[in-house]
Amino acid sequence: MTSNRGVVYVGPGKVEVQSIPFPKLENPFGKKIEHGVILRVVSTNICGSDQHMVRGRTTAPAGLVLGHEITGEVIEVGRDVETLKLGDLVSVPFNVACGRCRTCKEQATGVCLNVNPSRAGGAYGYVDMGGWIGGQAEYVMVPYADFNLLAFPDRDRAMEKIRDLTCLSDILPTGFHGAASAGVGPGSTVYIAGAGPVGMAAAASARLLGAAVVIVGDVNPARLEHARKVGFETVNLSLDATLGEQIAQILGTPEVDCAVDCVGFEARGHGHDGVRFEAPATVLNSLMEITRAAGKIGIPGLYVTDDPGAVDDAAKRGALSIRFGLGWAKSHSFFTGQTPVMKYNRALMQAILWDRINIAEVVGVQVITLDQAPNGYAQFDAGAPQKFVIDPHALIRRAA
């Protein structure tokens, strides 16, 4: 096998499916490695984080092969791999992690110290994350395979649940991480900012964790309608009523126990006029307003150190006008950063296999072909409520 195709970032607003090299057992700098495997990709998802790059809101270079949400079949095994074999069906955490450094040993795999010479933390197909080739492709290489990969215990059963299990690589653990770090537990009242796929995964996770009420906020009517259909309360942030006023209509009080930011730095203002303009600190400031004293705020929404398309010079450097004094006065706890997928993915796999969470329905999984990926990006950017999952080899469609 020598051919391969993948989704490539061409420039702001444009991706193409192009021929790319077949993966080798080597790191981004050409060093031969034997701790990796090569996967035939079974499913690979389009993520909101990918959209930030495609919109030109990062320093991502043209030619970058995209994709960090990967599920695949092992077709080649490095000499040093001991726990995986040919034919294994595996979930790939989006974090590239060595398993050997201090942070990996402390389960903080989102900030591995050995896989990126520029900063802590690595990921596939993402800007400034170590140069690892992305997995929106037919084939991909995964390093440190014994540590990184989660093998499904039964291939046939996994293929029956593949629309759900494809969410294990990022979106479901990220949503769960947001909810868990916000302190969601039995009886909690929870506000989720953003009704996109990550927001819906956070809402589903809050329900799994026992929340009494989960409220999802957005400005997109289609996404809010989907959130209502799958059982969540909603608030429409394009209305002139404040977030606190809308929450009070649901709960009888303008505050919640826990809040999760699933929007990130491309946030827009609230209200009829505000939604027309970017306001990157809007979500964080609004969450401090509506989270009770001593409450927690989970922040899986992406924030960047460099944003070329930001609304002002400060935001271009990642400096936002956050009302930190309000959070300090209310004794809030904040939790940020890349999700350590391996901390959660095995337990969430079991929750899927034993029908404890219907994540594919909640996030609106829609399977497309590799050639349909550019259109999937366009629809996602336009606010479609679906989570687009690429099926490069028609394995999901044949199994259906």
Side-chain angles (χ1 to χ4, degrees), residues 48 175 178-179 181-184 188-207 211-228 230-303 311 320-336 383 385:
S181 60
V184 177
S188 298
T189 58
V190 186
Y191 175 69
I192 309 291
V198 170
M200 296 308 297
S205 298
R207 190 156 61 188
V213 183
V214 180
I215 305 168
V216 181
D218 207 295
V219 300
N220 184 313
R223 288 184 168 180
L224 290 173
E225 175 62 22
H226 175 72
R228 286 191 291 272
V230 293
F232 302 109
E233 302 290 335
T234 62
V235 296
N236 187 340
L237 299 172
S238 68
L239 301 179
D240 288 330
T242 68
L243 175 57
E245 289 169 344
Q246 293 190 64
I247 287 175
Q249 288 183 335
I250 298 169
L251 298 179
T253 175
E255 290 188 329
V256 293
D257 296 321
C258 318
V260 187
D261 173 7
C262 297
V263 178
F265 72 103
E266 286 195 68
R268 292 187 172 271
H270 295 174
H272 180 74
D273 293 323
V275 296
R276 295 183 295 163
F277 305 101
E278 280 200 14
T282 296
V283 172
L284 293 174
N285 288 333
S286 67
L287 296 193
M288 287 187 279
E289 289 175 2
I290 58 92
T291 301
R292 68 172 177 85
K296 297 180 180 180
I297 299 173
I299 312 175
L302 177 66
Y303 290 87
V311 294
L320 308 183
S321 298
I322 297 172
R323 293 186 64 194
F324 190 73
L326 175 61
W328 190 95
K330 296 179 76 173
S331 196
H332 283 156
S333 298
F334 302 85
F335 205 102
T336 69

Can any side-chain N or O of [X] pair as donor or acceptor with the backbone N or O of [Y] at less than 3.5 Å?
{"X": "Asn285", "Y": "Arg323", "answer": "yes"}
{"X": "Thr291", "Y": "Met288", "answer": "no"}
{"X": "His332", "Y": "Arg292", "answer": "yes"}

Checklist entry - Looking at Val198, Ile299, Thr336, which one forms a side-chain contact (heavy atoms from CB on, under 4.5 Å) with Asp261? => result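 It is Ile299, the one option of Val198, Ile299, Thr336 that forms the side-chain contact (heavy atoms from CB on, under 4.5 Å) with Asp261.
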Nearest heavy-atom pair of [X] and [Y]: which atoms, and what distance?
{"X": "Ala227", "Y": "Thr234", "result": "CB-CG2, 3.8 Å"}
{"X": "Ala179", "Y": "Ala206", "result": "CB-N, 4.1 Å"}
{"X": "Leu287", "Y": "Val260", "result": "CD1-C, 3.9 Å"}

Apply the test side chain to side chain contact (heavy atoms under 4.5 Å, CB included) to residues Lys330 and Glu255: give CA-CA distance (whole Å), side-chain angles for both, the deciding distance (0.1 Å), then the verdict. CA-CA 12 Å; Lys330 296 179 76 173; Glu255 290 188 329; 3.4 Å; yes
Going through the checks in order, is the side chain to side chain contact (heavy atoms under 4.5 Å, CB included) test met by His226 and Val230? CA-CA 6 Å; His226 175 72; Val230 293; 4.0 Å; yes
Would a 4.5 Å heavy-atom cut-off, applied to side chains only, mark [X] and [Y] as touching?
{"X": "Phe232", "Y": "Ile192", "value": "no"}
{"X": "Tyr303", "Y": "Leu320", "value": "yes"}
{"X": "Gln246", "Y": "Leu239", "value": "yes"}
{"X": "Arg268", "Y": "Thr282", "value": "no"}

I'd like a table of donor-acceptor pairs (distance under 3.5 Å, sequence neighbours excluded) in which one partner is a side-chain atom from residues 213-220, with atom names and distances.
from, atom 1, to, atom 2, distance (Å)
Asp218, OD1, Asn220, N, 2.9
Asp218, OD2, Ala195, N, 2.7
Asn220, OD1, Ala222, N, 2.9
Asn220, OD1, Arg223, N, 3.1
Asn220, ND2, Gly383, O, 3.0

_Neighbour count >12 (heavy atoms, 6.0 Å) for atom CZ, Phe335_ =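 Open: at most 12 neighbouring heavy atoms sit under 6.0 Å from CZ of Phe335.
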Evaluate the criterion side chain to side chain contact (heavy atoms under 4.5 Å, CB included) for residue pair Val235 and Tyr191; output intermediate values, then yes/no.
CA-CA 10 Å; Val235 296; Tyr191 175 69; 3.7 Å; yes
